[in-house]
Protein chains: 2
Amino acid sequence: MSTRITEYSVGDLARLSGLTVRTLHHYHAVGLLPPAHVAANGYRVYRRAELERLQEILVYRQAGLPLAAIAEALAGGPDRAARLRRHRQTLVDRARQVSASLATLDRILEQLSGDRIVTDQDLYAPFDPARQQAYEDWLIATYGPEMAEAIAASRAHLATAPDGMAARMAELKTIEADLVAAFTAGHDPAAALARHRDWVAAMWGRDCPPQAYAGLADLYGAHADFVARYEALAPKFSHWLPQVMRDWAARQPG
Amino acid sequence: MSTRITEYSVGDLARLSGLTVRTLHHYHAVGLLPPAHVAANGYRVYRRAELERLQEILVYRQAGLPLAAIAEALAGGPDRAARLRRHRQTLVDRARQVSASLATLDRILEQLSGDRIVTDQDLYAPFDPARQQAYEDWLIATYGPEMAEAIAASRAHLATAPDGMAARMAELKTIEADLVAAFTAGHDPAAALARHRDWVAAMWGRDCPPQAYAGLADLYGAHADFVARYEALAPKFSHWLPQVMRDWAARQPG
DNA sequence: ATGCGGCCTGCCGCCGCGTGAGGGTCAAGC
DNA sequence: GCTTGACCCTCACGCGGCGGCAGGCCGCAT
């Protein structure tokens, strides 16, 4: 059984990959994907290594990277899997961008729906976070302190929009990581529990007194959703967490 | 107190909006943003209406629409807020695309991490959902039924990696946007509910049978966490959602 | 009158290909 | 050997959305 090296023409590879011949010509011309060799008749010949390289190019292309950036990424170390894992962060950042665009649109819709004066310069504030802050300061100064509440209520609404949710979930992840560390290492979880209680209050948009926090502990211990989530973090963690939450709540004033 | 009409030169507007003079020239040349008028000296003069039109252009531009598509969107009815609300769906679709790109990358990382044979044609399967399904069917047929479990386990592992959470939350947002649309427009939410159930199952790492889904509806309706989140999406949505979830679960087999 | 910052139009260039012109190569069939 | 059809090649123009610059006019201050 001999090992055959499979070779492909440019048309073969175009069909395999879903690209056009023209694109593969272009990628050769710019040095992004040279063929294995060029035959005596001038035809391009591609082999497995080129196919794998093209697969990676397609990943970066799908994410919208310019070809120069793709070439850089391909040169970013010998381990393909490591390169692709590194690239994953780019995609996550892209997801955040889309979320930010949604937030911008929501702020503009808010401008349209209110009866407040929107100055010419403030039309473009939603596209720039620093100017948005200045705009909000001006709103409060102009219309009075109850405007701060309206902005906060609006922001609470926006905080549950995609970009805000990602930040909140990221925060929850760090709190849970600290709780798991306390559980596995036998440390005092009080500080992490306080942060968790604050997180819950922010999520609710109101305070979370000790009785409510103890009630939440009951829910965590009793509901399959939460048990599944916490068991996935560490075995038996789903039993431990409600207990320390109740103990911690019992020690709080009020 | 006389009402003054504020007029801006092209340079004024470039500074206000963060664009370049060249860009505003271009937008005039292609008819996208004509000035209010051109003065006797040839200088462009912009007023409030142009400023508002440009704000809307920037929203569509930020979402990556070509200028021709932006012109179409601007011509899509006299009510600006309605146009922008319609556009929100485009952004939600963009979020879907990013999620799909993450899924493609995850599948390729999966190819790299296994010891299984990856044929030349299967290198490009992850970029095409129909071919990916055929590839997974082939893997199961070649390596046996435990391969199905390995695929599912690998996928579940990737989904709960820390940065996988952003994609999951982006996906949840699109599902919720569709549910809210169904709620406000009075459409049938069944398709969105099916996707939501699938999302929950993926989140749990196991199936979500109808009873469990109905139980989840109870949790959503009873717990302040979820009520707060859903009220922020649309008033009364937190009452409607558990109901349609329970109704939908009651209609499922099993 | 001069200088400076702003305005104007015109034009070339960039990036990543799509498209088509004109011509060579290869293999099968007659 | 010749013909035919599918494939290959290079070259070059074009597209969309501007960036950048040249050359020249405008308006205001000194």
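All chains are named by letter (A, B, ...) in the order of the sequence lines, taking the proteins before the strands, and each is independently numbered beginning at 1. All values below were derived from every heavy atom in this structure, side-chain atoms included, with hydrogens, water molecules and symmetry-related copies excluded.
Within 4.0 Å (heavy atoms only), B:Val10 reaches sugar-phosphate atoms of the nucleic acid but no base atom.
In terms of position along DNA chain D, the nucleotide closest to A:Ser9 lies nearer the 5' end than the nucleotide closest to the other residue of the pair A:Ser9 and B:Leu67. Residues B:Gly11 and A:Tyr27 both approach DNA chain C. Their nearest nucleotides, taken by heavy-atom distance, put B:Gly11 toward the 5′ side.
Nucleotides of DNA chain D that come within less than 4.0 Å of any heavy atom of chain A span, from the 5' end to the 3' end, D:dC7 to D:dA12.
Going from atom CD1 of A:Ile70 over to atom P of C:dG16 covers 8 Å, rounded to whole Å. Put simply, CZ on A:Arg22 is 14 Å from P on C:dC15, counting in whole angstrom units. Straight-line distance from the CG atom of B:Asp12 to the P atom of C:dC7: 7 Å, rounded to whole Å. Computed from coordinates, the A:His26 NE2 to C:dT19 P distance equals 15 Å when rounded to whole Å. Atom OH in A:Tyr43 sits about 7 Å away from atom C1' in C:dG24, given to the nearest Å.
Judged by distance alone, the side chains of A:His25 and A:Arg44 do bring a donor and an acceptor atom under 3.5 Å apart.
Contact annotation: B:Arg44 reaches the phosphate of C:dC8 (side-chain N/O to OP1 or OP2, under 4.0 Å). Between A:Thr20 and C:dG18 there is a side-chain polar atom (N or O) within less than 4.0 angstrom of OP1 or OP2.
Here the closest heavy-atom approach between residue B:Gly77 and residue B:Arg83 is recorded as O-NH1, 2.5 Å. The minimum heavy-atom distance between A:Leu74 and A:Tyr60, with the atom names listed, is CD2-CE1, 4.2 Å. Scanning both residues, B:Ala192 and B:Leu179, for their nearest heavy atoms gives CB-CD2, 3.6 Å.
With rounding to the nearest 0.5 Å, the separation of CD in B:Glu7 from CG in B:Leu13 is 13.0 Å. Remark: A:Ile57 CD1 to A:Leu33 CG distance equals 4.5 Å, nearest 0.5 Å.
Listed candidates were C:dC7, C:dG18, C:dT25. Nearest to the side chain of A:Asn41 is C:dT25.
Close placement of the B:Phe183 and B:Phe237 rings is indicated, their centers lying within 6.0 Å of each other.
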